[in-house]
Each structure stands twice: as structure tokens, then as C-alpha cells.
Amino acid sequence: MKDKFYITTAIDYLNAEPHIGHAYQKIVADVLARWNKVLGKEVFFLTGSDEYGQKVAKTAQEKGVTPKQLVDKLSKKFKQEWKSLDVDFDRFIRTTDIDHKKKVKEFVRLMEKKSDIYKGEYSGKYCLGCEAYITEKDLVKGRCKFHPNKELKELKEKGYFFKLSKYQNKLLELYEENPNYILPKFRRKEIINRVKEGLKDLNITRSKFDWGIKFPIDEKYVLYVWYEALLNYITGIDWPNEKFKKFWPANVQLLGIDNGWFHCVIWPAMLMSVGIKPANTILINGFLTFNGQKISKSLGNAISPTDLVKKYGSDSIRYFVCRNFVFGQDGDFSERALVQRHNDELANKLGNLVSRVSGLIEKNSEEKCENKLLKKLNEKKIEKLFENYEFDKVLNEIFSFIDVCNEYVQNKKPWETSRKPEVSSSSFLEKERKNKKVLYELKESILKIAELLWPFIPESSEKIKKQFSAKKIKKGEILFKKIDI
RNA sequence: AGCGAGAUGGAGCAGUCUGGAGUGCUCGUCGGGCCCAUAACCCGGAGGUCGUGUGGUUCAAAUCCCACUCUCGCUACCA
């Protein structure tokens with residue numbers, strides 16, 4: 001039986017337009033999904049949108065539409081964005097999907113049976129401006145930082161709680177026994193330290209608005225969005241049925257650090273409560289700035305990924321975000337840097353290699369032989385780097401080999417026998433044969449490069465594969481046109 | 001305030017876990033080669049006391065320990 005690989009991304013909250021930060025994560029997930037396909041695994045890739053909650057309701061109200069109208073429009077948009085970047089997911093789950101809602105309710109009942117839900121009271125500082133409870137970090141001089149003119153009210157509210165505190169030690173054991181449960185390592189440390197500071201029970205119901213999934217035990221309430229949204233990772237593969245049994249636990253759950261607490265603490269605790277194993281790895285990506293600025297609605301610099309695709313092409317964007325950033329750390333999506341990498345690496349190195357070799361083969365043809373050139377490629381190293389999510393180094397390794405190939409052309413000078421003399425001497429024939437062998441080595445190497453690059457730049461890789469596996473190899477169109485700065 | 005990350009030639013980064021000549025990559029810059037190719041490709045050079053301490057450990061520190069400075073991230077019931 002084939003090995004399976006199940007990968008999920010954070011599902012995006014639909015109160016704003018998609019931007020490159022969202023896209024980065026989806027691209028990385030797609031790269032991992034494709035790489036595992038290359039390895040021969042059966043892959044399931046889940047992404048989607050998080051659609052309930054107060055903020056969506058509020059945004060909809062401001063825009064004069066119903067929450068449903070808002071999320072229908074936005075979820076469609078997010079989905080299209082990912083398609084334009086060749087993100088090839090298997091399901092796009094929406095938390096308003098009927099099967100999700102149904103299964104969430106089943107999950108709540110199961111948790112209740114395990115006696116992990118109780119009725120209690122939540123108290124906190126409520127800001128009338130935000131229409132929400134305010135946390136410590138948003139307090140400035142005892143006032144809400146967004147609404148410093150409004151009073152904060154100490155409010156108490158009845159609700160249903162999940163016994164999160166009960167799982168503190170079990171969670172710490174989980175982290176301890178599985179050093180790769182949270183990656184990168186510095187994020188793991190962060191979470192462990194915070195869990196050690198102590199866990200409070202979690203209020204999983206809301207009563208001040210109704211845009212949510214009804215709490216099945218007491219329908220006066222709707223479920224807290226996070227509680228319900230996290231469950232998408234199992235409802236999306238038809239928990240508790242066949243597909244779930246096949247794909248769970250997820251191999252990789254990818255998310256941004258803003259969601260880290262929920263995914264690394266609350267989510268595994270929820271699963272422990274009902275007796276489901278947590279995922280193998282929670283993988284946390286860094287945040288991107290755009291041309292040196294924070295991406296935010298108020299700055300108005302949230303350029304849509306599709307617009308970037310129109311400007312630079314999907315492959316170049318995918319290549320850039322994987323090559324330019326150390327995975328896990330924050331990075332700057334600088335258009336200047338993107339253009340530079342596109343021109344220097346994709347066009348001048350890869351594109352030019354493909355161009356010169358295909359042209360040479362068209363003129364000189366090739367002859368099969370032992371491939372000494374390809375032996376210089378360290379595939380084991382690449383696999384290892386992939387396992388560690390070091391995408392920048394994977395690409396570095398592949399491009400070093402591209403350099404080796406360009407150097408090989410340079411040193412072997414296979415163009416020297418392109419023009420035949422009137423009378424072919426035996427030394428010429430011998431040389432010609434040597435050159436044909438050189439070209440064969442190069443052809444095979446380029447095919448290998450295309451295979452390795454496919455997870456990153458699927459469109460161009462497929463073009464290269466097609467071009468170089470044809471019976472008569474011809475010099476094709478330019479693969480990456482240079483972009484003027 | 002707590003926890004965490006970072007400071008490396010002109011720019012941007014690896015390298016630090018596991019100490020071994022400042023090693024490497026991309027860009028820029030200077031010089032040479034090649035003419036198959038997208039004015040692309042290849043080779044060589046210049047340029048850094050690795051944030052500060054004239055701190056500690058060591059035969060040896062960018063790397064380990066200590067102190068300090070600056071920058072950034074996270075700190076759950078809006079998401």
C-alpha cells in the first residue's frame with residue numbers, strides 16, 4: 001500500500017481580502033504536497049475558509065450585506081487566488097459547509113459525554129467600541145487602545161466551558177515526547193513556556209451575536225469560532241469514517257504564528273478529549289512584509305496575489321517565496337528582489353541552460369551513454385533538506401547543479417562540431433560523437449532538474465519535461481522572459 | 001513586564017545547535033575568457049577586527065558562557 005501524506009493549511013478568516021501573506025502559506029503547502037507526490041505518496045491537501053464569528057458579522061453589516069453574502073463572495077475570491085498560483089488542493093472546506101456543521105455538533109456531544117464541557121461564567125473587560133472583550137495586550141492605560149474615549153465595562157456572562165486546564169500536563173508530555181510536534185524549534189519553546197505558565201478553561205460559546213454554529217446542548221448559544229473552525233481538519237476528511245481513518249493524523253498542519261496558540265494548545269487538547277491522536281507536526285511559517293511594509297488593511301497595501309501573478313507569473317512568485325526566505329522566519333516580499341531572482345536565476349541560469357542545450361541538440365542530436373554529469377547531483381541531500389522544510393536550501397542545491405551544467409557546456413564546447421567540414425576526418429567524427437554524448441548527459445540532467453523543480457515551478461517544469469522528452473528535441477520558446485526593473 | 005528571535009564585506013542572507021585559518025550564496029564592483037545560448041555562460045580579484053565589552057572558558061570562539069546596546073515577534077476567550 002502507498003504511504004499517505006495529509007497536509008492542511010490555516011483556513012483564512014473572511015473579513016478581509018486575500019494578500020501575499022496568505023498566499024505564501026498556501027504555496028508552501030502546495031510545494032510539500034507536490035513533493036510528496038513525487039515521492040510516490042497518496043496525498044490529500046486541505047485548505048479553506050473560516051466564515052463564522054463576530055467580526056464577519058460586523059464587516060457584513062458595515063458593507064450592508066448579509067454575512068452569508070459576504071462569505072460567499074470572499075470564499076470564491078480566496079479560492080480563485082490559490083488557483084491562479086497553481087495551488088492544487090483536494091478540498092476547499094468552508095466552515096459554513098453542511099457536513100462541517102453537522103460533524104461539529106457531533107464532536108461537541110462526544111466531548112460532553114467525556115465530561116469535558118461544563119456551564120460556567122466568564123468575566124472580562126468589555127469594550128463597547130469593539131463590541132468585544134479586550135485582552136491585556138490591547139489595554140493602554142487601562143483603556144482599549146482602539147477606543148480610548150470609551151469606558152471599559154467589567155462584564156459577566158454565562159457560557160459553556162471546555163476543561164482545557166485539565167490537559168496541561170498531557171500537552172507538555174505531548175511536546176516532550178514528540179520534539180517535532182511543533183516546528184520550528186524556537187516556536188516550540190515559546191509554546192512550552194507559555195503552557196507551563198498555566199492554562200485556563202476555554203469559553204466555547206457566545207451569546208452576543210448569532211452568526212455561528214448553534215451550540216447543540218443549549219441553542220441559545222453559538223459556538224466560539226475557533227473551537228468550531230479547528231475541527232475543519234477532521235470534518236474536511238469525513239471524520240469518523242473511511243477517509244478520516246486513512247488520512248488522519250495529518251502529517252503536516254501549516255499555519256502562521258498568529259494561530260499558533262490555538263493549533264498547538266487548544267486543538268490537540270480537543271482531540272485528546274475525545275481520544276483522537278494529534279497531528280504529527282504543527283509547522284509554523286513566518287510572516288511577510290510587502291516591500292518593507294507591514295501588510296494591513298489600513299495601509300491599503302494588500303495587493304492581491306492574482307495581480308502579482310499577472311505581473312510576474314505564478315512560477316516566479318512561487319520560486320521567489322521558497323528561495324528567498326528561510327522557512328519559519330519572517331521575510332520581506334520585495335518586488336525588486338523578486339525581479340532580481342527571476343532574471344538572474346530563472347532566466348539567466350535555468351532558462352538559458354534549457355535554451356542553449358535544446359538548441360545544440362537540435363543541431364547536433366545526441367547519443368546515449370553513461371551519465372557522469374548527473375552523478376554530481378546530490379539527491380539524498382535534497383530529500384534531507386525537504387524533510388527539514390529548508391526550501392531555500394533545496395533550491396540552492398538544485399541551482400548549484402544548474403551551475404554545474406552550465407559550466408559543463410562551457411568546458412566541453414559541444415558547439416564546436418555543429419558545422420561539418422566538407423570532408424569529415426576521423427578525428428572530427430570522433431569529436432562529434434563525444435559531443436553528442438555530452439548533449440545526452442545534459443538532456444538527462446535537465447529532465448531531472450525539471451522533476452525536482454516541479455513542486456516549486458510546476459508550469460515551467462512541465463514545459464521542460466515535454467520539450468526534452470520529445471523524439472526530436474527543438475529549441476522552444478523562451479521559458480522566462482526577463483523583467484525590466 | 002514575561003517569553004522568544006535577530007545584529008556577519010556596499011546591500012540581502014547562510015554558517016552558530018555539534019568550536020578548528022572569516023568559510024559560503026545572491027546582488028553590486030573590477031579584470032579576464034567564451035561565442036552554443038535569453039547582452040546570456042565560465043574563470044579570477046578587491047572589499048568584513050562576524051552588534052558592544054578590550055569580559056570569561058579553551059591550544060583554538062562568528063560559533064560555548066556572562067553582561068550590555070539596538071531591532072523584531074508572541075503574550076488565549078475579535079480572529
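In what follows, every chain begins at residue 1, and chains take the letters A, B, ... in the order their sequences are listed.
With sequence neighbours left out, A:Tyr118 forms a ring pair (Phe, Tyr, Trp, His ring centres under 6.0 Å) with A:Phe161. Legend: residues meeting ring pair (Phe, Tyr, Trp, His ring centres under 6.0 Å) with A:Phe468, ordered by chain and number and at least two apart, are absent. For A:Tyr312, the ring pair (Phe, Tyr, Trp, His ring centres under 6.0 Å) criterion is met by no residue, not counting sequence neighbours.
Remark: the separation of the C1' atoms in B:U38 and B:G51 is 43 Å, to the nearest Å. Of the P atoms belonging to B:G20 and B:C30, the separation is 35 Å, rounded to the nearest Å. Here the separation of B:G9 from B:U75, taken at their P atoms, is 32 Å to the nearest Å. A distance of about 15 Å separates the P atoms of B:A14 and B:C64, rounded to the whole Å. If you take atom C1' in B:U16 and the same atom in B:U63, they sit 4 Å apart, rounded to whole Å.
Between A:Leu385 atom CG and B:G24 atom P the separation is 19 Å, expressed in whole Å. To the nearest angstrom, C1' of B:C36 lies 11 Å from CG of A:Asn406. One interatomic measurement links the two molecules: OH of A:Tyr227 to C1' of B:A79, which rounds to 18 Å at whole-angstrom precision. Atom CZ in A:Phe209 sits about 10 Å away from atom C1' in B:A79, given to the nearest Å. A straight line from CG of A:Asn352 to C1' of B:A39 spans 11 Å, rounded to a whole angstrom. Here the C1' atom of nucleotide B:U26 and the CZ atom of A:Phe320 are 12 Å apart, to the nearest Å. Atom CZ of A:Arg194 is separated from atom C1' of B:A5 by 15 Å (rounded to the nearest Å). The CD1 atom of A:Ile191 sits 11 Å away from the C1' atom of B:G4 (whole-angstrom rounding).
Note on A:Gly198: a base of the nucleic acid sits closer than 4.0 angstrom, heavy atoms only. Using a 4.0 Å heavy-atom cutoff across all strands shown, A:Asn259 reaches no nucleic acid atom at all.
For A:Gln54, counting side-chain heavy atoms from C-beta on, the closest listed nucleotide (B:C42, B:C78, B:U38) is B:C78. Distance from the side chain of A:Asp50 is smallest to B:A79 among B:C3, B:C78, B:A79. Checking B:C3, B:U38, B:C36 against every side-chain atom of A:Val409, the shortest atom distance belongs to B:C36. Considering only side-chain atoms of A:Arg187, the nucleotide from B:U38, B:C42, B:G73 that sits closest is B:G73. For A:Glu197, counting side-chain heavy atoms from C-beta on, the closest listed nucleotide (B:G73, B:G2, B:U38) is B:G2. Side-chain atoms of A:Ile478 lie closest to B:U38 of the nucleotides B:C41, B:U38, B:C78.
The six-membered or imidazole ring of A:Phe287 lies away from that of A:Tyr24, with a centre-to-centre distance of 6.0 Å or more. Checked against the 6.0 Å centroid threshold, A:Trp267 and A:Tyr233 count as a close aromatic pair. Outside the 6.0 Å centre-distance limit, the rings of A:Phe107 and A:His100 are not counted as a close aromatic pair.
By the 4.5 Å heavy-atom criterion applied to side chains, A:Tyr167 and A:Phe162 are counted as neighbours. In this structure the side chain of A:Tyr52 reaches within 4.5 angstrom of the side chain of A:Ile213, judged on heavy atoms. At a threshold of 4.5 Å between non-hydrogen side-chain atoms, the residues A:His342 and A:Lys482 do not count as touching.
Ion pair A:Glu416/A:Lys413 not flagged as a salt bridge, since none of the NZ, NE, NH1 or NH2 atoms sits closer than 4.0 Å to an Asp/Glu carboxylate oxygen. Ion pair A:Asp403/A:Lys349 flagged as a salt bridge, since at least one NZ, NE, NH1 or NH2 atom sits closer than 4.0 Å to an Asp/Glu carboxylate oxygen.
Along RNA chain B, the nucleotide nearest A:Lys482 and the nucleotide nearest A:Leu360 are compared for position; the residue whose nucleotide lies closer to the 5' end is A:Leu360. The residue among A:Asp201 and A:Arg356 whose nearest nucleotide of RNA chain B lies closer to the 5′ end is A:Arg356.
The shortest distance between the side-chain N/O atoms of A:Tyr224 and the OP1/OP2 oxygens of B:A79 is below 4.0 Å. Here A:Lys58 does not reach the OP1 or OP2 of B:A79: none of its side-chain N or O atoms lies under 4.0 Å away.
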Discussion item. Generate the contact string for nucleotides 27-34 of chain B. Rules: B means base contact, S means sugar-phosphate contact only, - means no protein heavy atom under 4.0 Å.
Written reply: S-----BS

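Residue A:Leu172 holds its CG atom at 7.5 Å from CG of A:Leu199, rounded to the nearest 0.5 Å.
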Worksheet item: What pattern of brackets, bars and dots sums up RNA chain B from 5' to 3', given Watson-Crick or G-U wobble pairs under 3.5 Å, [ ] for crossing pairs and | for another strand?
Response: (((((((..(((((.....[..))))).(((((.......))))).....(((.((..]....))))))))))))....

Mind listing the N/O atom pairs, protein and nucleotides 11-17 of chain B, below 3.5 Å?
| unit_1 | atom_1 | unit_2 | atom_2 | d |
| --- | --- | --- | --- | --- |
| B:A14 | OP1 | A:Gln329 | OE1 | 3.1 |

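A donor-acceptor contact closer than 3.5 angstrom is absent between the side chains of A:Ser49 and A:Asp12.
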